[in-house]
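These notes are about the structure you will find just below.
Just so you know, these numbers come straight off a predicted model, no measurement behind them.
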Amino acid sequence: MLNMRVLAGLFFATLLTAQPSQETIDSFEKVWRIVEERHWDPEYLKRLPDGRSWQDIHGEYSAKIRKAADDAEARTLITEMLRTLKQSHFALISDAPDEMAPRYQGDGAVGLDPILAGQSVLVRSVRPGGPAEKAGVQPGWEIVKIDGFDVPAAAQQVMARKTLREPSVLVRMLAVGRLSGRPGSPVQVVFRDGANVSHEKSITRAKPNGTVAQFGFLPPMIVDFETRRLRGDTGYVRFNIFLDPASLMGKFKDAVASCLDCRGFVIDLRGNPGGLAILASTMAGFFVEEPDTKLGTLYQRDLTLRLTVNPRLEMFRGPLAILVDESSVSTSEIMAGGLQDLKRARIFGTRTAGAALPSMVEQLPNGDLFQYAMANYISESGRTLEGHGVTPDVEIKTTKASLLNGKDPVLEAALDWIHAPKR
C-alpha cells in the first residue's frame, strides 16, 4: 500500500504537469483563425481598440494558453481574448461547470419574465394561467434565490465584470436559465415583495405553449407567441425569439390579418434576444407599403445583403408601436431600428443592447461551441447599431413601483400615443 508521502508526491506531480488538452489548444487556434478569416473588416483586425492587432493577440494568448493549468483556465483565456475585439456575438459556449453561465436545463418554464431594474432582478410579468401565477407570484416582486442560487449577488458580479455593454442581457439569461428545467419538476424560488417580506415558493415547471425550434448546434428552444386585443381595439403581439420561420410567420400573419381595421398595433420585443435577421424584414412587409425599401444592409467580407422589405397584400396601415428594452438584442434591434429609420414605427422603452451583429455558431475540436459575428449591420439611414443600440422615440423605464401597482408604463405610453386625438 502506498504511504501518504508517496500519495502526496503523486498529487503534486499531477498538479505540476496539468495542462490544457490538445483538443482545447486546437480549439483556441480554430477560434483565432475563424476571426482572422471571416471578420467582415480586415482593417479593424489590424488595429483593435487597444492598439494591438489580431496577430499580436495570437502571439500573446498562444503562450498563455499553453501555460494554462487546465482546460477551465484555457477557456477563460479564450473568452478574455475574444473580449479584445470589443464587439458583440463573439462568445465561447461550453458545457463546463460555471456558476455564472446561463443554464438551460430543459424546456419546462414557470411562466414569468425577469428584468434587471437598478440593482434588483424583478418579475416584470406573469403569464396568465402559468405556474407562477398559480403559485401567487406578483409582478414587481424581487427574485432573491433560485434553488439556492443567489440572484442579487450574481447580478452584482455580472455588472462588476462588465462582460457586456448591457449587463441586463446576461442577468436575464441567468435568471431564465435557472428557472428552466424538466416539465413537471419543481424549482424553489425565494421572492421579496414590495413590503420587503420574503415569500418562498415551490413552483412546478410546465411546458409552455409554443413550438420547438432547433438552430444549428444550439439546444432546442421553445418559440412562444402571444397575441391579444388591448384597450381601444389595439392589436398586440409578443414573441420571445426570431426562430421557427414557418410557425412564427404563420401566427404573425394571422395576428395582423385579424387586425387590419384596428386603431393601432403593438409589437413587444422586450427581452427578445433576436434570431434570424431575415424575419425582421419579412415581418416589416406587413406594415410598409412602399416598394424597394429595406431595413438596412448586412456587410460581410465578400458579400453585401440588403434586408429588402416586400410589401404584403394584407397590410396594416395604422399607427405602429414597438416596445424595446436593454435586453432587446440583435434582430430585435434591426427590426426596431429599421422601422424607426423608415418612420413607420414609433419606439417606446429604453435603449437596446447595442449588440446588432449577425452571427453563426460552429463546433470546436473539444466539443465547445463558438459563436462569432460574420457581418456588420448598417441601418437605412447609415446608423451603426453595434455599440449604440436603438434609442426610443419615447424613453420610459420600468420601475418596481409601477410593476407593484400592476402598471406597464411602456405599454401604456404606446397606447396613449396610438389613441391621442392629435397624434
Side-chain angles (χ1 to χ4, degrees), residues 97-161 164 166-210 219-224 226 238 240-241 268 270-273 325-327 398-408:
D98 182 352
E99 190 69 6
M100 294 303 296
R103 296 182 181 181
Y104 293 93
Q105 306 166 103
D107 57 4
V110 300
L112 66 79
D113 185 26
I115 180 177
L116 177 64
Q119 303 292 316
S120 303
V121 181
L122 307 179
V123 177
R124 174 165 53 191
S125 63
V126 179
R127 191 67 182 266
E133 184 187 61
K134 293 177 181 177
V137 178
Q138 300 293 319
W141 283 12
E142 181 182 358
I143 304 174
V144 180
K145 289 187 178 181
I146 303 173
D147 279 339
F149 180 72
D150 192 325
V151 177
Q156 291 178 11
Q157 189 173 344
V158 169
M159 289 184 282
R161 284 184 182 182
L164 294 173
E166 293 294 347
S168 57
V169 177
L170 183 53
V171 171
R172 185 177 186 279
M173 290 171 61
L174 277 171
V176 170
R178 296 274 173 170
L179 290 168
S180 69
R182 180 176 51 81
S185 65
V187 57
Q188 298 295 130
V189 188
V190 177
F191 300 93
R192 187 179 294 123
D193 65 18
N196 211 32
V197 176
S198 293
H199 301 264
E200 185 169 355
K201 302 283 187 179
S202 179
I203 307 175
T204 301
R205 301 177 177 102
K207 192 168 184 178
N209 296 326
M221 289 169 276
I222 297 289
V223 181
D224 185 24
E226 175 189 358
R238 182 203 62 82
N240 63 327
I241 196 165
D268 193 343
R270 291 176 292 179
N272 190 313
D325 65 7
E326 299 93 335
S327 298
T398 300
T399 65
K400 184 174 184 177
S402 64
L403 292 174
L404 289 170
N405 289 327
K407 303 293 184 181
D408 185 340

Next on the checklist: Is it the case that the side chain of Asn405 and the backbone of Lys407 share a donor-acceptor pair, with hydrogens and angles ignored and the cut-off at 3.5 Å?
Outcome noted: no

Next on the checklist: Tell me whether Glu133 contacts the main-chain N or O of Gly129 through its side chain, where contact means a donor paired with an acceptor under 3.5 Å.
Outcome noted: yes

Next on the checklist: Against Asp113, only a single residue in Arg270, Arg172, Arg127 fulfils salt bridge (Lys or Arg N to Asp or Glu O under 4.0 Å); can you say which?
Outcome noted: Arg172

Output the distance between atom [atom1] ([X]) and atom [atom2] ([Y]), rounded to the nearest 0.5 Å.
X      : Y      : atom1 : atom2 : value
Gln188 : Lys145 : CD    : NZ    : 12.5 Å
Ile241 : Asp224 : CD1   : CG    : 11.0 Å
Ile115 : Thr398 : CD1   : OG1   : 4.5 Å

Please report the shortest heavy-atom distance between [X] and [Y], naming the atom on each side.
X      : Y      : value
Gly111 : Ala132 : O-CB, 4.0 Å
Ala155 : Val171 : CA-CG2, 4.0 Å
Val123 : Phe191 : CG2-CE2, 3.9 Å
Phe149 : Ala154 : CZ-CB, 3.5 Å
Val121 : Ala175 : CG1-CB, 4.5 Å

Checklist entry - Going through the checks in order, is the salt bridge (charged side-chain N to carboxylate O under 4.0 Å, His left out) test met by Asp408 and Arg124? => result CA-CA 9 Å; Asp408 185 340; Arg124 174 165 53 191; over 6 Å; no

May I ask you to test the [X]-[Y] pair for a side-chain heavy-atom distance under 4.5 Å?
X      : Y      : result
Asp193 : His199 : yes
Val137 : Ile203 : yes
Asn240 : Val223 : yes
Arg205 : Pro183 : no
Leu122 : Leu403 : yes
Val189 : Ile143 : yes
Pro131 : Thr204 : no
Gln156 : Gln119 : yes

Next on the checklist: Can you tell me if Lys201 has over 12 outside heavy atoms packed within less than 6.0 Å of its NZ?
Outcome noted: yes

Next on the checklist: Using side chain to side chain contact (heavy atoms under 4.5 Å, CB included), reason through Arg178 and Asp147 one step at a time and then give a plain yes or no.
Outcome noted: CA-CA 8 Å; Arg178 296 274 173 170; Asp147 279 339; over 6 Å; no

